[in-house]
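In what follows, chains are A, B, ... by sequence order, proteins preceding strands, each numbered from 1.
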2 protein chains.
Amino acid sequence: MSQHRPPGAPERPVAVPALPDLPEATVARLPEYLRALHNLAENGHETVSSEWLATAAGVNSAKLRKDLSHLGSYGTRGVGYDVALLIDQIEYVLGLTQRRTVALVGVGNLGHALAGYDGFATRGFRIAALFDSDPVRVGEEINGLVVRHVDELSRVATEESIAIGVIATPAAAAQRVADRLVAGGVTSILNFAPCVLTVPDGVDVRKVDLAVELQILSFHEHRKASLTALPAAGEAPLTPLPGSLAATDPQEAIGT
Amino acid sequence: MSQHRPPGAPERPVAVPALPDLPEATVARLPEYLRALHNLAENGHETVSSEWLATAAGVNSAKLRKDLSHLGSYGTRGVGYDVALLIDQIEYVLGLTQRRTVALVGVGNLGHALAGYDGFATRGFRIAALFDSDPVRVGEEINGLVVRHVDELSRVATEESIAIGVIATPAAAAQRVADRLVAGGVTSILNFAPCVLTVPDGVDVRKVDLAVELQILSFHEHRKASLTALPAAGEAPLTPLPGSLAATDPQEAIGT
DNA sequence: CGCGATTTGTGCGTGTCTTCACAAGCGCTT
DNA sequence: AAGCGCTTGTGAAGACACGCACAAATCGCG
C-alpha cells in the first residue's frame with residue numbers, strides 16, 4: 001500500500017480534530033445522512049432535528065444521534081443540527097473535500113452504464129479512466145473518455161493517482177484486474193464481479209452483487225409465503241398482513 | 001405443505017423441514033456460498049470441507065459452519081458437505097426452486113444495463129416486464145421485451161404475478177413507482193434510486209446505492225491517508241505497511 | 001473390530017450494534 | 001432572571017454477531 005498522496009495538496013489542515021475511528025456501521029450510514037441533508041439544504045432548511053433527519057434517512061433517531069456524536073457534537077440542544085455545518089462535517093469525515101478519481105475497468109453492459117452514471121460526478125467522484133481487454137472496445141469513446149487497454153492499467157493508475165478502482169468485468173477477469181489495480185497503487189476497490197478478490201492488507205474491497213440482492217429478497221418472499229401458508233401453529237405470526245390479498249403466491253413449489 | 005413438525009416425531013428426511021428463521025447476516029451470506037458451490041460443482045467436486053468452502057466464499061470457517069447449521073445439519077463429520085445436496089438445500093431456503101419473476105422500472109442508463117445483465121437469468125430470475133414513464137422509451141424493445149408505460153405497472157404486476165420489483169428510476173419518481181408496485185401486489189423491492197422508500201409492513205425493500213459504496217471507500221482512503229500522515233497521534237497505526245506488491249497472499253481483510 | 005485421522009456442530013466468551021430512557025443544555029417567553 | 005418546552009448527548013441494557021476451541025461423529029485401515 002504505497003501512499004501516493006501528493007505532498008503539495010494537504011487536506012483541510014485545520015479545524016477538525018484527528019479523524020475519529022468510527023464504527024463501520026456508522027460509516028455506512030453517513031452517506032445516507034449526507035444525501036438527506038443535501039435535500040434539506042436545497043429546500044432552504046437551515047437547521048434540522050434528529051427526529052426529522054432520522055426519518056428522512058430511514059433510521060431510528062437515537063441511532064442517528066449516536067452516529068453524529070461520534071464525529072464530535074455539532075448539534076444545539078433544543079434546536080437541532082445546523083444543516084450546512086453538518087454537511088461540511090460529514091463530507092470532511094468521508095474524505096469528500098477532495099475529489100477522488102476513479103478508474104473503471106470493464107466497459108461491458110454494466111460498465112457502460114456506470115461510465116454514464118451521473119450520480120458519481122454529482123457526488124464528488126470523477127471517472128478518470130476507462131479500461132477493457134476487448135480490442136474492439138479499446139478506443140471507443142464514452143462520455144468524453146477513451147477506453148484504454150487493460151495492459152495500461154497499472155501505469156495509468158499510478159500516473160493519474162487513481163484513488164478507487166471499479167471492477168465491472170466478468171468474474172474470470174476480476175482477480176487479474178484487482179492485481180493490476182493494486183500494482184498501480186490503488187487501495188480501494190469496488191467489485192461488481194461475482195467473485196471473491198484476494199488483495200494485500202491495507203487494500204479495501206467492497207462488493208456489490210446484484211444477483212445476491214435479488215436472492216436475499218427471494219428468501220424473504222419465500223419466508224413470507226410459508227408464513228401465510230402455515231397459520232398459527234404454536235408460534236404467533238407477525239402481523240396479520242394488512243393488505244395481503246394480492247394472491248401473488250399460489251403455492252410454494254416443494255420439489256427441486 | 002402446511003405440515004408443521006409435530007413435537008417428537010422425526011422429520012421426513014426427504015421433505016424439507018419447516019423454513020427456519022435464519023439470522024439476517026446468515027441470509028446475506030448464503031448466496032455467496034451458493035455461488036462458490038456452483039463453481040465447485042462445475043469443477044467436478046462432490047464434497048467440500050467447511051475450510052475449503054469458507055475460503056472460497058471469503059469467510060471464516062466457523063462462521064460458515066454455524067451458518068449452515070442453521071439450515072439443519074447436512075454435513076458429514078470427517079468428510080465434509082455434499083456439494084449437490086448443499087446446493088439444493090440453499091436454493092430451497094432462498095426460495096430459488098421456483099423461478100421468480102422480476103419487473104424492472106426505469107430503462108435509463110442503469111436500467112438498460114440491468115435489463116441486459118445476464119447474471120439475473122443465470123441465477124434463477126426472469127425479467128418479465130420493463131417499464132418507463134418516458135413516451136420515447138415506451139415501445140422500445142430490449143432483449144426481447146417491449147418497454148411498457150409505467151401506468152400499466154400495477155395491472156401487469158398483478159397479472160404476471162411479479163415477485164420482485166426493481167426500481168432504476170431517478171429519485172424523484174421512485175416513491176410513486178414503489179406505490180404502484182405495492183398496489184400491484186409486489187412485496188419485494190430492490191431500489192437503485194438514491195432515496196428512502198416508504199412501504200407498508202410486509203413489504204421488503206433493499207437499497208443499492210452505487211455512490212454510497214464509493215463514499216464508504218472514500219472514508220477508508222481518508223482514514224488511511226490520515227494514519228500515514230499523522231503517525232503518532234496517540235494511537236499506534238496497524239501494520240508498518242509492507243511494500244505495495246506482494247500480490248497474492250490470502251491474509252485478506254474482509255472489507256465489509 | 002477398534003483406533004486414529006479428520007471434520008462437523010456448537011457452547012461460550014467477547015465485542016459490536018441497537019434501542020431505550022433520561023439528564024443536561026439551549027432558547028424563548030414572561 | 002427564572003421557568004418552561006424542546007432537543008441533544010449518553011449511560012446502560014439488551015440483542016445480535018463473531019470466532020475460538022473442543023466434544024461428537026464418521027470414515028478408512030490395519
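Here the P atom of nucleotide dT26(D) and the CZ atom of Arg65(B) are 16 Å apart, to the nearest Å. Residue Lys63(B) contributes atom NZ, which lies 18 Å from atom P of dT10(C) at whole-angstrom precision. In this structure, Leu53(A) atom CG and dG9(D) atom C1' are separated by 15 Å, rounded to whole Å. When rounded to the nearest whole Å, the span between OH of Tyr74(B) and P of dT26(D) equals 15 Å. His70(A) places its NE2 atom 16 Å from the P atom of dT8(D), with the value rounded to the nearest Å. Between the P atom of dC20(D) and the CD atom of Glu51(B) lies a distance of 10 Å, rounded to the nearest Å. Atoms CG (Leu64(B)) and P (dC20(D)) sit 14 Å apart, rounded to a whole Å. As a whole-Å value, the separation of Asp82(B) CG from dC27(D) P is 13 Å.
The shortest distance between the side-chain N/O atoms of Asn60(A) and the OP1/OP2 oxygens of dC20(C) is below 4.0 Å.
Legend: residues meeting side chain to side chain donor-acceptor pair (under 3.5 Å) with Thr169(B), ordered by chain and number and at least two apart, are absent. With sequence neighbours left out, the salt bridge (Lys or Arg N to Asp or Glu O under 4.0 Å) criterion links Lys207(B) to Glu32(A), Asp209(B). Residues that satisfy the side-chain contact (heavy atoms from CB on, under 4.5 Å) test with Ser61(A), not counting sequence neighbours, are Ser50(A), Glu51(A), Ala54(A), Arg65(A). In this view, Gln215(A) satisfies the side chain to side chain donor-acceptor pair (under 3.5 Å) rule with no residue, not counting sequence neighbours. Residues satisfying the side-chain contact (heavy atoms from CB on, under 4.5 Å) test with Phe120(B), not counting sequence neighbours, are Leu210(A), Leu214(A), Leu114(B), Tyr117(B), Phe125(B), Ile127(B). Take Tyr33(A) and apply the ring pair (Phe, Tyr, Trp, His ring centres under 6.0 Å) test, not counting sequence neighbours, and it matches no residue. Here Arg29(A) pairs with Asp67(A) under the salt bridge (Lys or Arg N to Asp or Glu O under 4.0 Å) rule; sequence neighbours left out. Applying the side-chain contact (heavy atoms from CB on, under 4.5 Å) criterion to Ala28(B), with sequence neighbours excluded, gives Ile216(A).
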Can you list, pair by pair, the side-chain donor-acceptor contacts under 3.5 Å of residues 36-46 of chain A, counting residues two or more places apart and other chains?
from: His38(A); atom 1: ND1; to: Leu34(A); atom 2: O; distance (Å): 3.4
from: His38(A); atom 1: NE2; to: Glu91(A); atom 2: OE2; distance (Å): 3.4

Using the 3.5 Å cut-off, write out each protein N or O paired with an N or O of nucleotides 5-7 of chain D and the distance between them.
from: dT7(D); atom 1: O4'; to: Gly78(A); atom 2: N; distance (Å): 3.1
from: dT7(D); atom 1: O2; to: Gly78(A); atom 2: N; distance (Å): 3.4

Atom pairs, protein N/O to nucleotides 12-16 of chain C N/O, distance under 3.5 Å:
from: dC12(C); atom 1: N4; to: Lys66(B); atom 2: NZ; distance (Å): 3.3

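Note: Leu53(A) CG to Thr47(A) OG1 = 11.5 Å, rounded to the nearest 0.5 Å. The distance from the CD1 atom of Ile90(B) to the CG atom of Leu68(B) is 5.5 Å, given to the nearest 0.5 Å.
Remark: nothing in residues 25-47 of chain A comes within less than 4.0 Å of DNA chain D through any heavy atom.
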